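What follows is a set of notes on a single structure, which appears directly below.
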Amino acid sequence: MIDHPLPLGGLLSMDSDPTLPLAFAALPCDQSSSIRRGSAEGPDRIRLAYDGRVYNSTTETGIDLSGAVADLGSWESEATWVATRQSYAGQAAAVLGRGQALFAAGGDHGVTMPLGAATEVLGEQIHVVQLDAHPDLYPEYRGDRWSHACVAARLLEMQHISTVTQIGVRTLNHAQSEVARKYPGRLAIVEARDVGGGSILESGDLPDILRPGARVGLTVDLDVFDPAFAPGVAHPVPGGLNPRQVNELIQESGWALVGMDVVECLPARDEGDRTAVLAGRLLQEAMGTVAG
């Protein structure tokens with residue numbers, strides 16, 4: 001008898017039921033990566049490593065998500081990154097437009113740009129919260145304006161994105177600081193050293209606009225975590241956050257999530273699926289805040 005896994009903690013429905021309030025899509029694309037590729041393999045690894053035979057479908061806060069999430073499958077990349085962005089933006093807009101909160105597993109961080117663009121369909125101002133070791137504020141990187149190193153720079157150019165709040169940053173350099181200065185009042189950077197080992201919500205550095213009920217798109221680059229917790233990333237940076245801090249931020253913020261992506265899992269650099277399992281857990285806890 002073949003022992004089949006139960007993908008993503010047993011949270012997924014058997015089909016792409018559009019009436020369910022939650023939807024999950026895999027975005028196996030690393031076309032905007034620099035230096036190290038391989039995050040295109042991340043979504044499948046997250047699905048399988050966070051196995052529902054092992055991990056309970058009930059969140060820490062007591063929300064049972066068994067079979068509660070529409071499975072939209074994998075959105076395959078196109079021949080070019082330009083075409084992939086257009087495809088992802090169109091598919092995401094269709095999901096959001098029918099009232100579903102979209103949860104996605106990347107892929108490199110570049111996938112967040114078309115997902116952010118798609119939120120325009122909601123017809124309201126959206127706050128982006130970015131958990132990341134890197135601010136991704138390069139105006140262009142190696143000649144590419146749509147590199148994964150330029151994510152926040154592109155999001156800030158979108159008029160429906162009201163604010164971008166970055167948490168866990170520890171690689172801000174001069175070039176990115178110059179871009180940051182262009183967005184007073186719209187960009188807040190909370191560096192990892194300012195959070196320390198305590199609660200993110202109690203750090204005092206989050207903008208007042210991120211009050212409970214704020215409409216938020218959450219993007220989590222897994223390198224926001226210290227490499228001790230998430231070794232399977234392209235660009236690990238020591239001195240990061242820990243899973244307890246991020247889980248509590250998700251659970252206790254009170255934000256009205258319109259969607260979330262977890263990106264930059266590199267299975268080839270992971271150890272014991274620690275990074276992939278962590279990604280699955282973050283998705284589950286965030287889904288619980290919407291379902292609950």
Side-chain angles (χ1 to χ4, degrees), residues 8 26-50 74 77 81 103-113 115 128-138 141-142 144 146-153 155 166-173 176 189-193 195 197 200 218-247 249-250 260-286:
L8 204 68
L27 279 58
C29 173
D30 58 10
Q31 290 170 310
S32 80
S33 291
S34 61
I35 314 300
R36 296 185 180 123
R37 294 204 170 186
S39 58
E41 300 171 7
D44 279 349
R45 194 64 225 148
I46 292 168
R47 274 180 180 267
L48 296 179
Y50 198 62
S74 293
S77 56
W81 178 216
F103 294 82
D108 67 46
H109 210 166
V111 304
T112 301
M113 293 181 281
L115 295 179
V128 171
V129 175
Q130 174 187 348
L131 305 185
D132 205 328
H134 309 87
D136 294 346
L137 284 168
Y138 286 105
Y141 190 75
R142 297 187 171 186
D144 183 5
W146 296 94
S147 165
H148 69 160
C150 306
V151 174
L155 291 174
Q166 302 179 330
I167 303 170
V169 170
R170 48 199 186 275
T171 60
L172 184 65
N173 61 15
Q176 295 177 95
I189 300 176
V190 182
E191 297 191 67
R193 61 180 178 173
V195 176
I200 297 171
L218 178 61
T219 177
V220 181
D221 186 325
L222 289 161
D223 65 27
V224 73
F225 294 101
D226 190 274
F229 301 106
V233 296
H235 304 281
V237 182
L241 304 184
N242 66 60
R244 183 76 268 141
Q245 289 174 301
V246 174
N247 261 337
L249 174 69
I250 290 170
M260 172 188 182
D261 63 70
V262 177
V263 298
E264 299 282 358
C265 176
L266 264 69
R269 299 181 66 85
D270 208 358
E271 298 173 11
D273 284 329
R274 298 209 308 267
T275 311
V277 168
L278 175 56
R281 188 66 179 184
L282 296 174
L283 287 164
Q284 177 179 357
E285 292 302 321

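Because the structure is a prediction, the values reported are computed rather than measured. Numbers here simply count residues along the sequence, with the first being 1.
No donor-acceptor pair under 3.5 Å is formed between the side chain of Trp146 and the backbone N or O of Trp81. Side chain of Thr171 to backbone of Ala133: a donor-acceptor contact under 3.5 angstrom is found. Without hydrogens or angle criteria, Asp261 side chain to Ala105 main chain gives no donor-acceptor distance under 3.5 Å. In terms of modelled atom types and a separation under 3.5 Å, the side chain of Gln245 and the main chain of Asn242 share a donor-acceptor contact. Side-chain N or O atoms of Gln176 include one that pairs as donor or acceptor with a backbone N or O of Asp136 at under 3.5 Å. Arg274 places no side-chain N or O within donor-acceptor distance of the main-chain N or O of Ala230, the cut-off being under 3.5 Å. Side chain of Arg170 to main chain of Gly168: a donor-acceptor pair is present (N/O by atom type, distance under 3.5 Å, no hydrogens or angles).
Separation of atoms NE2 (His148) and CD1 (Ile35) is listed at 7.5 Å; rounding is to 0.5 Å. Note: Ser33 OG to Leu266 CG = 7.5 Å, rounded to the nearest 0.5 Å. Rounded to the nearest 0.5 angstrom, Ser39 OG and Leu222 CG are separated by 10.5 Å. Atom CG of Leu278 and atom CG of Asn247 lie 7.5 Å apart (nearest 0.5 Å). Between the NE2 atom of His235 and the CZ atom of Arg269 there is a distance of 9.0 Å, given to the nearest 0.5 Å. In this structure, CD on Gln166 lies 10.5 Å from OG1 on Thr219, to the nearest 0.5 angstrom.
Using a 3.5 Å distance cut-off with no hydrogens or angles, the side chains of His109 and Asp132 do pair a donor with an acceptor.
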inquiry  = As a quick check of understanding, evaluate side chain to side chain contact (heavy atoms under 4.5 Å, CB included) for Leu241 and Ile200, giving each step before the final call.
reply    = CA-CA 9 Å; Leu241 304 184; Ile200 297 171; 3.9 Å; yes

request  = Please assess Val220 against Val263 for the test side chain to side chain contact (heavy atoms under 4.5 Å, CB included), listing each intermediate value before the final yes or no.
outcome  = CA-CA 6 Å; Val220 181; Val263 298; over 6 Å; no

query = Please walk me through it: do His134 and Asp223 pass side chain to side chain donor-acceptor pair (under 3.5 Å)?
reply = CA-CA 8 Å; His134 309 87; Asp223 65 27; 3.0 Å; yes

task = Output, in order, the C-alpha distance, side-chain angles, deciding distance and verdict of side chain to side chain contact (heavy atoms under 4.5 Å, CB included) for Thr112 and Val128.
result = CA-CA 10 Å; Thr112 301; Val128 171; 5.8 Å; no

task = Before giving the answer on side chain to side chain donor-acceptor pair (under 3.5 Å), spell out for Tyr138 and Asn173 the whole-Å C-alpha distance, their side-chain angles and the decisive distance to 0.1 Å.
result = CA-CA 10 Å; Tyr138 286 105; Asn173 61 15; 2.7 Å; yes

Worked check of salt bridge (Lys or Arg N to Asp or Glu O under 4.0 Å) between Arg45 and Asp270 = CA-CA 10 Å; Arg45 194 64 225 148; Asp270 208 358; over 6 Å; no

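Atom CD of Glu191 sits in a crowded spot, with more than 12 heavy atoms from other residues, nucleotides or ligands closer than 6.0 Å.
Closest approach of Val169 to Pro135, counting heavy atoms only: CG1-CD, 3.8 Å. Minimum heavy-atom separation, Leu115 to Ala104: CD1-CB, 4.1 Å. For Pro28 against Ser77, the heavy-atom pair with the smallest separation is O-OG, 4.2 Å. The shortest non-hydrogen separation linking Gly240 to Asp226 is N-OD2, 3.3 Å. Taking every heavy atom of both residues into account, Ala49 and Val277 meet most closely at O-CG2, 3.8 Å. Of all heavy-atom pairs between Gly38 and Pro267, the closest is O-CD, 3.8 Å.
Among residues two or more places apart in sequence or in another chain, the side-chain hydrogen bond (donor to acceptor under 3.5 Å, both in side chains) test is passed with Asp144 by none.
Looking only at side-chain heavy atoms (C-beta outward), Ile46 and Cys265 come within less than 4.5 Å of each other. Side-chain contact between Gln284 and Leu8: absent, with no pair of heavy atoms (C-beta onward) separated by less than 4.5 Å. Put simply, the side chain of Val262 does not reach to within 4.5 Å of the side chain of Asp221, judged on heavy atoms. Side-chain contact between Leu283 and Met260: present, with at least one pair of heavy atoms (C-beta onward) separated by less than 4.5 Å. Counting only heavy atoms from C-beta outward, the side chains of Tyr50 and Arg281 approach each other to under 4.5 Å. Between Leu282 and Val246, some side-chain heavy-atom pair lies under the 4.5 Å cut-off.
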